[in-house]
**Q** 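Got a structure here, written out as structure tokens. Questions coming.
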Amino acid sequence: AKYDSAFHRAGNLCYDNGRYIEAFEYYTYDLDLAQRTGNKFNYYSSMANIGLVYDVFREYNRAMYYYQLAYPHIHENGWTDLEAAVLDMMFSTSCNAGHTKQAEGYLHQRRVIKTSKPDFDHYTILKNYGQLAAAKGQYPTAIDYYKQTQQIIEGSKLPKWYDIAIFLQI
């Protein structure tokens with residue numbers, strides 16, 4: 001079953017509010033609960049989220065370790081939305097670590113995945129291209145991509161706060 005546990009939701013709330021240590025603890029609790037109950041979706045989702053926390057602390061190798069443990073199982077099970085999210089995580093961590101060639105590979109994989117949210121897919125791909133350009137020091141190109149993401153936000157039902165995330169990356 002693909003249901004978020006209270007631990008998962010609490011972890012996301014903590015993560016979104018910059019309380020990363022608490023998020024890590026909740027994701028770890030969720031990982032344990034999912035393992036004990038046999039909930040594979042939550043297990044691999046939590047594993048990826050633990051990777052996100054490591055990314056925040058610039059422990060890129062450890063973040064990639066968790067993503068790469070989870071990804072094959074997510075792909076095998078056909079959890080498309082989660083697969084796209086984990087590819088985005090691997091892409092971003094690769095950029096943050098300065099591994100732009102590796103990031104390009106993840107971006108290529110991500111481009112072919114169609115999730116249940118086409119506007120979000122379009123936004124995310126352009127945002128990722130912007131992040132990749134910035135990681136390569138191509139700032140005018142990055143800004144052009146980020147401007148395109150703003151147009152998608154304005155023309156869709158995506159949350160308006162997404163544009164704040166873009167400005168934080170510039």
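In what follows, residues are counted from 1 in the order of the sequence shown.
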**Q** Is there a donor-acceptor contact under 3.5 Å from the side chain of Thr149 to the main chain of Tyr146?
**A**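 Yes, Thr149 side chain to Tyr146 backbone: donor-acceptor pair under 3.5 Å.
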**Q** Considering the options Asn96, Leu107, Val86, which one meets the side-chain contact (heavy atoms from CB on, under 4.5 Å) requirement together with Phe91?
**A**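 With Phe91 as partner, Asn96, Leu107, Val86 yield a single side-chain contact (heavy atoms from CB on, under 4.5 Å), made by Leu107.
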**Q** Heavy atoms, side chains only, cut-off 4.5 Å: are Met64 and Gln102 in contact?
**A**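 Yes, their side chains come closer than 4.5 Å.
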**Q** Within this structure, what is the OG-OH distance for the pair Ser5 and Tyr26, rounded to the nearest 0.5 Å?
**A**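 With rounding to 0.5 Å, OG (Ser5) is 11.0 Å from OH (Tyr26).
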**Q** List the steps and the verdict of salt bridge (charged side-chain N to carboxylate O under 4.0 Å, His left out) for Glu104 and Lys136.
**A** CA-CA 11 Å; Glu104 287 172 353; Lys136 292 179 173 183; 2.4 Å; yes
**Q** Has Thr28 got a side-chain atom pairing as donor or acceptor with Phe24's backbone, closer than 3.5 angstrom?
**A**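 Yes.
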**Q** Stepwise, does the side-chain contact (heavy atoms from CB on, under 4.5 Å) test hold for Phe57 with Ile21?
**A** CA-CA 10 Å; Phe57 290 110; Ile21 299 297; 3.9 Å; yes
**Q** Is the side chain of Ser156 donor-acceptor paired with the backbone N or O of Ile152 at a distance under 3.5 Å, no angle test?
**A**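 Side chain of Ser156 to backbone of Ile152: a pair is present.
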**Q** If you look at every heavy atom in Met47 and Ala70, which pair is closest and at what distance?
**A**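 Smallest heavy-atom distance, with atoms named: SD-N, 3.8 Å.
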**Q** Would you call Lys117 and Asp121 a salt bridge, taking side-chain N to carboxylate O under 4.0 Å as the test?
**A**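 Salt bridge: no.
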**Q** Do Ile50 and Leu33 sit in one hydrophobic cluster, given that two such residues count as connected whenever their side-chain heavy atoms are within less than 4.5 Å of each other, even indirectly?
**A**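 No.
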**Q** Between the side chains of Asp30 and Tyr43, is a donor N or O closer than 3.5 angstrom to an acceptor N or O?
**A**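 On atom types as modelled, these side chains do not qualify, holding no pair under 3.5 Å.
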**Q** Parallel, tilted or perpendicular, judged at 30° and 60°: which one describes the rings of Tyr15 and Tyr20?
**A**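 Plane angle over 60°, so perpendicular.
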**Q** Classify the ring geometry between Tyr29 and Phe7 as parallel (under 30°), tilted (30 to 60°) or perpendicular (over 60°).
**A**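 Geometry flag for Phe7 against Tyr29: tilted rings.
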**Q** Measure the spacing between NE2 of His73 and NZ of Lys40 and express it to the nearest 0.5 Å.
**A**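 It is 9.0 Å, given to the nearest 0.5 Å.
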**Q** When you look at CG of Asn61, are more than 12 heavy atoms from neighbouring residues, nucleotides or ligands closer to it than 6.0 Å?
**A**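 It does not: Asn61 CG has 12 such atoms or fewer within range.
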**Q** Might you point out which heavy atoms bring Ile153 and Tyr123 nearest each other, and give the distance in Å?
**A**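 Result for this residue pair: CD1-CE1, 3.7 Å.
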**Q** If you round to the nearest 0.5 Å, how far is CD1 of Ile74 from CH2 of Trp79?
**A**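 Nearest 0.5 Å value for the CH2-CD1 distance: 7.0 Å.
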**Q** Is there side-chain contact between Leu13 and Arg9, with at least one heavy-atom pair below 4.5 Å?
**A**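 No; the side chains remain at least 4.5 Å from each other.
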**Q** With salt bridge (charged side-chain N to carboxylate O under 4.0 Å, His left out) as the criterion, how do Arg62 and Asp55 come out once you've worked through the C-alpha distance, each side chain's angles and the decisive distance to 0.1 Å?
**A** CA-CA 8 Å; Arg62 194 167 286 180; Asp55 179 82; over 6 Å; no
**Q** Among Tyr67, Tyr54, Tyr60, which residue meets the side-chain hydrogen bond (donor to acceptor under 3.5 Å, both in side chains) test with Thr93?
**A**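 Filter result, single survivor: Tyr67.
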**Q** Looking at SG of Cys95 and CG of Leu132, how far apart are the two atoms once the value is rounded to the nearest 0.5 Å?
**A**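 So the gap between those two atoms works out to 5.0 Å.
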**Q** Stepwise, does the side chain to side chain donor-acceptor pair (under 3.5 Å) test hold for Asn128 with Tyr145?
**A** CA-CA 9 Å; Asn128 288 352; Tyr145 279 116; over 6 Å; no
**Q** With no hydrogens and no angle check, do the side chains of Ser94 and Tyr106 hold a donor and an acceptor under 3.5 Å apart?
**A**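 No, Tyr106 and Ser94 have no side-chain donor paired with an acceptor closer than 3.5 Å.
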**Q** Output the distance between atom OG (Ser45) and atom NE2 (His8), rounded to the nearest 0.5 Å.
**A**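 If we round to the nearest 0.5 Å, Ser45:OG and His8:NE2 are 4.0 Å apart.
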**Q** Given Gln68 and Met90, is the side-chain contact (heavy atoms from CB on, under 4.5 Å) satisfied, shown in steps?
**A** CA-CA 8 Å; Gln68 290 171 346; Met90 291 191 291; 4.1 Å; yes
**Q** side-chain contact (heavy atoms from CB on, under 4.5 Å) between Lys114 and Thr80: does it pass, once the steps are laid out?
**A** CA-CA 7 Å; Lys114 304 295 181 225; Thr80 308; 5.9 Å; no
**Q** Go through the steps to decide whether Asp119 and Lys157 satisfy the test salt bridge (charged side-chain N to carboxylate O under 4.0 Å, His left out), and finish with yes or no.
**A** CA-CA 8 Å; Asp119 285 338; Lys157 294 182 180 180; over 6 Å; no
**Q** Same cluster for Tyr44 and Tyr65 if Ile/Leu/Val/Met/Phe/Trp/Tyr side chains link at under 4.5 Å?
**A**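 They do share one cluster, since a chain of ILVMFWY contacts under 4.5 Å joins Tyr44 to Tyr65.
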**Q** Taking the six-membered ring for Trp, are Tyr71 and His75 parallel (under 30°), tilted (30 to 60°) or perpendicular (over 60°)?
**A**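 Rings of Tyr71 and His75: parallel, under 30°.
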**Q** Can you name the nearest heavy-atom pair linking Ala63 to Gly51, along with the distance?
**A**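 What the structure gives for the nearest pair is CB-O, 3.1 Å.
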**Q** About how many Å separate CD of Gln138 and OG1 of Thr100, when rounded to the nearest 0.5 Å?
**A**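 Separation between the atoms: 9.0 Å.
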**Q** Looking only at atom types and distance, does a side-chain atom of Asp81 sit under 3.5 Å from a main-chain N or O of Ser116, one as donor and one as acceptor?
**A**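 Pair found, side chain donor or acceptor close to backbone of Ser116.
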**Q** How far apart are the closest heavy atoms of Arg111 and Tyr129, and which atoms are they?
**A**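 Result for this residue pair: CD-OH, 3.0 Å.
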